[in-house]
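For reference, the structure is listed below as structure tokens.
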Amino acid sequence: MKKPAETRRILKLLGQAYPARSGLRYQTPFQLLAAAMLSAQSTDVQVNRVTERLFQEFPDPPSMAAASEQEVQELIRGVGLHDSKSRYLVEASRIIMERYGGQVPRTREELMLLPGVGRKTANVVLSNAFGVPAIAVDTHVFRVSNRIGLASGKNVLETEKQLEASIPPNTWGKAHHWLIWHGREVCRARSPLCDSCLINSCCDYFLNKKH
């Protein structure tokens, strides 16, 4: 695990290189929730392509709750697992209408009660839609943070807790985005671009590889 000064330096460098925003396109908390639900096993590019059409037809909980699974499925065929995701979107929208008056719930516990919403998706919504400090650990965040040495978690929950302990809460949401962008652009799952990485002098993976 990194010392606090090293962690600050890494985050500063990442913050200078990458935006602190999601690659998903959305205008409301509900649209972010839907896009995040669709992002499992799909890229942001794929999700943005289908949500452009999806949100024209069903932009909010009332319209999505009134839709059929088949209608939604037809619009989201460009993403993986579209059959189950269409069911989750419609069911989650109906629950939002029935239990929460058409408003996306604002707690992790309530969000995770919605079909198709896990801890990562709940944290994405909390942080980006409502400004609640949260770190969403997806495959990029898990890989990059453990490679660098910001965490040493065996699973996403361990990694999330370790990142929360080492990063100031007011930086959690930003750090989430920086780590994702770095994972996409440089610290790839296969053949990471270590020699051109701006934080290689702080990275456990790179330093261990050199010796």
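These numbers were taken from a predicted model, which means no experiment stands behind them.
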Item to complete: Take Leu54 and Leu89 through the test side chain to side chain contact (heavy atoms under 4.5 Å, CB included) and record every step on the way to the result.
Response: CA-CA 11 Å; Leu54 179 68; Leu89 284 172; 4.3 Å; yes
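- No continuous path of ILVMFWY side-chain contacts below 4.5 Å connects Leu157 to Val125, so the two sit in separate hydrophobic clusters.
- Checked by atom type, the side-chain pair Asn128/His176 shows no donor-acceptor distance below 3.5 Å.
- Taken to the nearest 0.5 Å, the CZ atom of Arg188 stands 11.0 Å off from the NE2 atom of His182.
- With a 4.5 Å cut-off on side-chain heavy atoms, Val72 and Met64 count as touching.
- Between Pro4 and Arg8 the shortest side-chain heavy-atom distance falls below 4.5 Å.
- When all heavy atoms of Val79 and Ser42 are compared, the pair lying nearest together is CB-OG, 3.4 Å.
- Grouped with Leu81 in a hydrophobic cluster is no other residue, since no side-chain heavy-atom contact under 4.5 Å to another Ile, Leu, Val, Met, Phe, Trp or Tyr is found.
- Contact between Lys209 and Cys194 at its shortest, heavy atoms only, is NZ-SG, 3.4 Å.
- In this view, Ala122 and Arg108, Leu111, Met112, Val117 satisfy the side chain to side chain contact (heavy atoms under 4.5 Å, CB included) rule, not counting sequence neighbours.
- The heavy-atom pair separating Ser86 from Ile76 by the smallest distance is N-CD1, 3.7 Å.
- Going from atom SG of Cys203 over to atom CD of Glu6 covers 11.0 Å, rounded to the nearest 0.5 Å.
- Other residues, nucleotides and ligands place no more than 12 heavy atoms under 6.0 Å from the CZ atom of Arg25.
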Fill in: Intermediate values then yes/no, side chain to side chain contact (heavy atoms under 4.5 Å, CB included), Leu113 and Glu109
CA-CA 7 Å; Leu113 290 175; Glu109 293 73 22; 6.0 Å; no
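- Counting side-chain heavy-atom gaps under 4.5 Å among Ile, Leu, Val, Met, Phe, Trp and Tyr, the cluster of Val186 also holds Ile10, Leu11, Leu13, Leu14, Tyr18, Ile135, Val137, Val141, Phe142, Val144, Ile148, Leu150, Val156, Leu163, Ile167, Trp172, Trp178, Leu179, Ile180, Trp181, Leu193, Leu198, Ile199.
- Annotation: Arg9, atom CZ; neighbour count of heavy atoms from other residues, nucleotides and ligands within 6.0 Å does not exceed 12.
- Under the 4.5 Å side-chain criterion, counting only non-hydrogen atoms from C-beta, Lys120 is in contact with Ser39.
- Atom CZ of Arg53 sits in a crowded spot, with more than 12 heavy atoms from other residues, nucleotides or ligands closer than 6.0 Å.
- Of all the heavy atoms in Ala136 and Val124, the pair that sits closest is CB-CG2, 3.5 Å.
- Of all heavy-atom pairs between Thr159 and Ala151, the closest is CG2-CB, 3.9 Å.
- Here the OH-CG distance, from Tyr205 to Asn200, works out to 12.5 Å after rounding to the nearest 0.5 Å.
- Taking a cutoff of 4.0 Å between a charged side-chain nitrogen and a carboxylate oxygen, Glu74 and Arg77 qualify as a salt bridge.
- A pairwise comparison of heavy atoms in Ala35 and Phe55 identifies N-CZ, 4.4 Å as the closest pair.
- When hydrophobic clusters are built by joining Ile, Leu, Val, Met, Phe, Trp and Tyr residues whose side-chain heavy atoms come closer than 4.5 Å, directly or via intermediates, Leu32 is not grouped with Met97.
- In this structure, CD on Gln162 lies 13.5 Å from NZ on Lys2, to the nearest 0.5 angstrom.
- Atom CD of Gln73 is separated from atom NZ of Lys85 by 12.0 Å, given to the nearest 0.5 angstrom.
- To the nearest 0.5 Å, the span separating CD on Glu110 from CD1 on Ile96 amounts to 11.0 Å.
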